[in-house]
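Right, one structure below, let's go through it.
Hydrogens, waters and symmetry mates play no part in the numbers below; they use all other heavy atoms, side chains included. Please read these numbers as outputs of a predicted model, since none were measured by experiment.
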Amino acid sequence: MFTSKRLLRAADNLVNKHFAVGNGETVLITADTATESKLIQAVADAVIQSGGKPLVAMAPQLPFQGGLSDPYVSDALKAAVVSCDVWFDFCFPYHAGSGAHSAAMDANRCRYALLALAEADSFERLYGCVDFAAMMDFNVALAEFFAEAAGQQVRFTCPKGTDVTLTLDKLKMIRQRVCQSPGMNTVPGTQSFYPVMDTVKGRIVIQALFDEYYRALREPITIEVDGKIKGFTGGGTEDRPSLARALRRAGGTGDFGYFVHFTLGFHPGTMLTQRQFIEDIRLPGSNAIGMGLPWWEPGGGENHPDGIVFDQSLWVGDVQLVKDGDFVGPGRLAKLHEALSRRLD
């Protein structure tokens, strides 16, 4: 099978530089029927070359993410996830938030990677086309910036009409430069930040949506929020019922719930695919908006929907980080951002 130089680099960055797979470690690679075989082969080969022991588990695509996927996960996979050292999850919808994922986290052995990528080209762009060390330098510094800003007011806007404020809460997940301890991890190129949930006020206009499936929206959806989500307008006739169902499921009490996370996407190698959710939320200036309740809150985890705002402008306190999608942050962050912008062949 032909494997491009960039795909080999991407697999090496994931396996060795990001997760430091060691000699003798058991690595579970979950994929579904939509995942390209050359992607899985490249990652499995990199695990073998590192001295690890890969196991590839292939299954039909899950119909939902989170707790709603539990009836569709096999007993064999449930057994495997609690017995691995590293879990590379390429499935989309993904296992994060499911019962199997919770069991793996409770076992406190597994380093889980929410990858959720079906296409080798997308994986190459995310892991293989920029200097990985520079990517992690900036990502870790950005996480530290948000952590230190807890308690400050955040505002973000977009050209479609988004204008929202919130009080910044503590980070829920710490970005690890090298993932060497058990827990949850995501693809570099974006940084989540979390609101004190009842402080979110204003309107958010999303142009892409992942509720029961991922797609670009024919018409943007405008969501009104004052602490809780009050309602939404716009979207196509095919969008409104599925979003309402997903919000009520994820809200836990029959209402639409809250906004639970936001993000700052900054990966310079990305392109808008309208197919690969994990890549699209890493476009420079994107903001992935989590709604309802996530798996880390009591009663959460059941298919909480995500929308995407593009070309955001973002302020944390008096500091502007992004202007119309372009990073304009200050000082050390600016220097680190400049260093990661060089593309690799």
Side-chain angles (χ1 to χ4, degrees), residues 65-68 94 96-98 101-102 105 114 142-158 161-175 183-184 186 190-206 208-211 221-233 242-265 277 281 286-309 312-317 319 321-322:
Q65 61 167 333
L68 291 180
Y94 39 78
S98 68
H101 175 263
S102 295
M105 296 298 95
L114 196 170
L142 189 59
E144 292 171 347
F145 174 87
F146 280 114
E148 293 168 1
Q152 294 192 37
Q153 186 177 73
V154 171
R155 180 188 178 209
F156 68 93
T157 64
C158 84
T162 295
D163 196 342
V164 70
T165 60
L166 59 101
T167 299
L168 195 62
D169 203 354
K170 297 177 181 178
L171 289 186
K172 309 295 184 182
M173 290 192 303
I174 304 302
R175 174 67 69 176
M184 173 81 180
T186 58
T190 189
Q191 180 56 47
S192 296
F193 57 95
Y194 302 86
V196 176
M197 288 193 293
D198 61 4
T199 68
V200 184
K201 299 181 185 297
R203 76 183 65 84
I204 296 177
V205 183
I206 60 173
L209 176 63
F210 175 32
D211 49 11
I221 292 176
T222 299
I223 306 170
E224 302 290 340
V225 56
D226 187 358
K228 283 193 168 183
I229 295 172
K230 300 303 181 182
F232 62 88
T233 56
S242 63
L243 177 56
R245 284 194 300 269
L247 285 171
R248 289 195 172 96
R249 281 196 300 261
T253 58
D255 59 16
F256 285 165
Y258 300 86
F259 285 103
V260 296
H261 71 71
F262 302 96
T263 69
L264 170 52
F277 172 73
I281 66 174
S286 65
N287 192 328
I289 315 294
M291 299 168 270
L293 279 178
W295 64 77
W296 58 81
E297 297 288 347
E302 291 198 352
N303 195 39
H304 88 265
D306 291 271
I308 308 180
V309 171
Q312 70 172 321
S313 296
L314 173 67
W315 295 261
V316 178
V319 177
L321 290 182
V322 184

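- Two residues are said to be in side-chain contact when any heavy atoms from C-beta on lie closer than 4.5 Å; Tyr194 and Met173 meet this criterion.
- Taking both residues in full, the closest heavy atoms of Asp226 and Lys201 are given as OD1-NZ, 2.7 Å, listed atom of the first, atom of the second, then distance.
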request  = Would you please test Met197 and Leu166 for side-chain contact (heavy atoms from CB on, under 4.5 Å) and show each step?
outcome  = CA-CA 8 Å; Met197 288 193 293; Leu166 59 101; over 6 Å; no
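- Nearest heavy-atom pair, His304 versus Ala250, reported as atom, atom and distance to 0.1 Å: CA-CB, 3.6 Å.
- The structure places CD1 of Ile206 at 4.5 Å from CD1 of Ile221, a figure rounded to the nearest 0.5 Å.
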Check against side-chain hydrogen bond (donor to acceptor under 3.5 Å, both in side chains), Ser313 and Arg155 = CA-CA 8 Å; Ser313 296; Arg155 180 188 178 209; over 6 Å; no
request  = Evaluate the side-chain contact (heavy atoms from CB on, under 4.5 Å) criterion for residues Glu224 and Thr233: first the C-alpha distance (whole Å), next the side-chain angles of each, then the deciding distance (0.1 Å), finally the verdict.
outcome  = CA-CA 9 Å; Glu224 302 290 340; Thr233 56; 5.8 Å; no
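- By the ring-ring contact (aromatic ring centres under 6.0 Å, His included) test, Phe193 is found to be paired with Phe146, Phe262, residues two or more places apart in sequence or in another chain being considered.
- A pairwise comparison of heavy atoms in Val316 and Leu321 identifies CG2-CD1, 4.0 Å as the closest pair.
- In terms of heavy atoms, Ala288 sits closest to Thr263 at N-OG1, 2.7 Å.
- The 12-atom threshold is exceeded at CZ of Phe277, counting heavy atoms of other residues, nucleotides or ligands nearer than 6.0 Å.
- Across all their heavy atoms, Leu247 and Pro305 have their closest contact at CD2-CG, 3.8 Å.
- The local environment of NZ in Lys170 is sparse, with at most 12 non-hydrogen atoms from other residues, nucleotides or ligands closer than 6.0 Å.
- For Arg248, the salt bridge (charged side-chain N to carboxylate O under 4.0 Å, His left out) test picks out no residue, with sequence neighbours left out.
- Rounding to the nearest 0.5 Å places CD1 of Ile223 at 8.0 Å from CD1 of Ile289.
- Side-chain contact between Gln191 and Leu171 is present, with heavy atoms from C-beta onward closer than 4.5 Å.
- Counting heavy atoms from C-beta outward, Asp306 and Ile308 have side chains that stay 4.5 Å or more apart.
- Listed by chain and number, the residues in a salt bridge (charged side-chain N to carboxylate O under 4.0 Å, His left out) with Asp198 amount to none (sequence neighbours excluded).
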